[in-house]
Amino acid sequence: MTRLTDDIIIRAVARIMIPFIQIYALYVIMHGHHSPGGGFQGGVILGASFILYLITHGLEEARARMSELKAGIFSASGLLIYSGIGLLCLILGSNFLDYGRLSLILKVIPAQARSLGILGVEIGVGITVMAVMFSIFFDISTGGIIPEDEEIKEENG
Amino acid sequence: MDNFFLWLGMGLFFLVLLCLYRGVFGPGVLNRVAAISAIGTKTLVILLIMGYIYQRVDMFVDISMVYALLNFLGTITVAKYLEMSGEI
Amino acid sequence: MEVTVLIQTADKAFEILEKARNEARELLYSSAKIASETKSLEAKRAEQAFLSGAQHTKLAIRNYTLTFFMLFAFWVLLSGRLDLFHLTLGVLSCLLISYLSYDLLFANVRIGDIRIMFKRFFAAAPWFLSQIFTANLHVAYLALSPKMPIDPSILRFNTKLESDISWVALANSITLTPGTITIDIRDGEFFVHAIDKKVASDLDTGEMEDKIAHVFMEADHIYIQDILDVSRIFGELK
Amino acid sequence: MIAPFDIVILLLVLICAIAAISVKDLLSAVIILGAYSFLMCLLWSEMGAVDVAFTEASVSAGIGTVLLIAAVSKTKRRSKD
């Protein structure tokens, strides 16, 4: 599924489509509170754009853009954003993920603080979902074996 | 006007039924892939028609946008699978 | 008299241009061969950096800004909320996306071409639409007539276009016209499936190719559109 | 709630579901499952659950089909029975 094949039409069309898919995914994440969508859906669409790049451009170029190490870091950092906002609310003396208390830091009214807190949480969810979806597809399609690693192994022993 | 869009939607459903015949009984994978991608485009239009009937087009445009942007991903994947398994 | 002298000098200039172009093309092909034969991505990158040299950073900055503005227009079209908060979010996310994929959208477009390209595209659009409309009627006639007078065949022709983006545009506009489907492109050779003799002969005139070449500014051949442009100037001279 | 749409979509979903479990070829089953998810998205949005429909659309069109085909590519396509 990840081998590079010589189809110029699909590659060029994917190259043109991918930035628009990504900006649409970010639109879905950012406008989650007053239109359908949110962190999970936007993350899935963002992950689909990277999967499209992996399918059309082959394993090697896709790893230069989004490697499995980067995916791991992204998924962890998204979770860090989510739980960090929750813990911040806990430290400020209210319940976990009770964003109203964030108004003490952000110097705005509680309603606006809730909106900003939800936005932060959705960004975290989106990053995590994107990275996890990409790495699930990466692991299934390569079977955990990357050609470079095999060559290195053969050279070593 | 609502009635007009209702009948338009029913006509599109009839076309979906025709495509679905090819998708369910069609000999081989290639017929099925073509039928399903046709169903995808019809789904997009039906969603917009529903949005017009519910008077909330701004919400339904978002869903149909997802189909417009991502509908070809499945088709490409099937084509790549068939090419890599050496069936065509 | 003056006009004939002008034409002769133009012919000579075109000959010299053709020769130089062929040499440059051979050089490019050999370098491209080297670039494609080196296997690893790092080596390919080094080759590209060597070939493009100092222009690379300038090109990257141009691509970055162009991608940013295009994506921001798309964002405003999607969002429709013009208050400061949402516009700030839009600017941030467009910056992120154009950082992630600045080398995707405008990879093979030359500097300074884009505005003329848009103008020529909108000038050529009605011709494409009329072509699609007439082909639609023809295919509807074929499908509805009880005898089904189809005569399917596969055409193959070498194109004179050079950049891959114009290959893709030609292939997609062939596919968009009903009755013809581009099956494959292999090293500039098109494989096109045509449903009928008439559709195939329409394709064989090469008018669509000329239009695409005109839009994408494949500048160094003489195309029908260019001759039409020049002939108007000659008419005014006379 | 649009009653005629409701009945027609339910009928089509039923056809898709029966076809998806009765077909022998795994790849064909995945493709028919894609059609099932299209119609399911129509059903959700017709019932007014726009957010659920959005999730169904993005997951099925973006990830679901691709993941299932990647899984099929690791196995044999034909089922034994």
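In what follows, every heavy atom counts, from backbone to side chain, and hydrogens, waters and symmetry copies are set aside. Residue numbers begin at 1 in each chain, while the letters A, B, ... track the order of the sequences.
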task = Rounded to the nearest 0.5 Å, what's the gap from OH on B:Y67 to OG on D:S58? Could you check?
result = 9.0 Å

ask   = With a 4.5 Å heavy-atom cut-off, do D:V23 and B:R32 have their side chains touching?
value = yes

inquiry  = Working to the nearest 0.5 angstrom, can you tell me the gap between B:I76 CD1 and D:I69 CD1?
reply    = 11.0 Å

query = Quick one: does B:I63's side chain get under 4.5 Å of D:C41's, heavy atoms only?
reply = yes

request  = For the pair B:Y54 (side chain) and D:E46 (backbone), establish whether a donor and an acceptor sit closer than 3.5 Å, ignoring hydrogens and angles.
outcome  = yes

key: Minimum side-chain heavy-atom gap D:F5-B:L6 below 4.5 Å   = yes

Atom pair CE (B:M50) and CD1 (D:I2), whose distance is rounded to the nearest 0.5 Å = 5.5 Å

message = To check you understand the geometry: which heavy-atom pair defines the closest contact between D:T65 and B:G74, and what is its length?
response = CG2-CA, 4.4 Å

request  = Check step by step if side chain to side chain contact (heavy atoms under 4.5 Å, CB included) holds for D:I63 and B:L73.
outcome  = CA-CA 9 Å; D:I63 300 288; B:L73 187 53; over 6 Å; no

ask   = Where on D:S60 is there a heavy atom nearer than 4.5 Å to chain B: the side chain, the backbone, both, or neither?
value = side chain

note = The interface call for D:I31 against chain B, heavy-atom contacts under 4.5 Å, is both

ask   = Name the one of B:L44, B:I39, B:L47, B:I46 that satisfies side-chain contact (heavy atoms from CB on, under 4.5 Å) with D:F38?
value = B:I39

task = Side-chain contact test, heavy atoms from C-beta onward, threshold under 4.5 Å: evaluate it for D:P4 versus B:M10 and give yes or no.
result = yes

Toward chain B, the part of D:V8 with a non-hydrogen atom under 4.5 Å = side chain

key: D:D51: partners by side-chain hydrogen bond (donor to acceptor under 3.5 Å, both in side chains), with sequence neighbours left out   = A:Q41

key: Heavy-atom closest contact (B:L20 atom, D:C16 atom, distance)   = CD1-SG, 3.6 Å

ask   = What residue, out of B:L70, B:L69, B:I36, B:T75, has the most heavy-atom pairs lying under 4.5 Å from chain D?
value = B:I36

key: Proximity breakdown for B:F25 and chain D, heavy-atom pairs closer than 4.5 Å   = neither

Largest heavy-atom contact set with chain B, pairs under 4.5 Å, which of D:A35, D:S45, D:A19 = D:S45

key: Close side-chain approach of D:V30 and B:V78, heavy atoms under 4.5 Å   = no

request  = Go through the atoms of D:S37 and report whether side chain, backbone, both or neither lie under 4.5 Å from a heavy atom of chain B.
outcome  = backbone

Closest-packed option against chain B by number of heavy-atom pairs under 4.5 Å, given D:V72, D:L11, D:I18, D:L42 = D:L42

message = With chain B as the partner, which of D:G62, D:A57, D:S73, D:G64 has the greatest number of non-hydrogen pairs under 4.5 Å?
response = D:A57

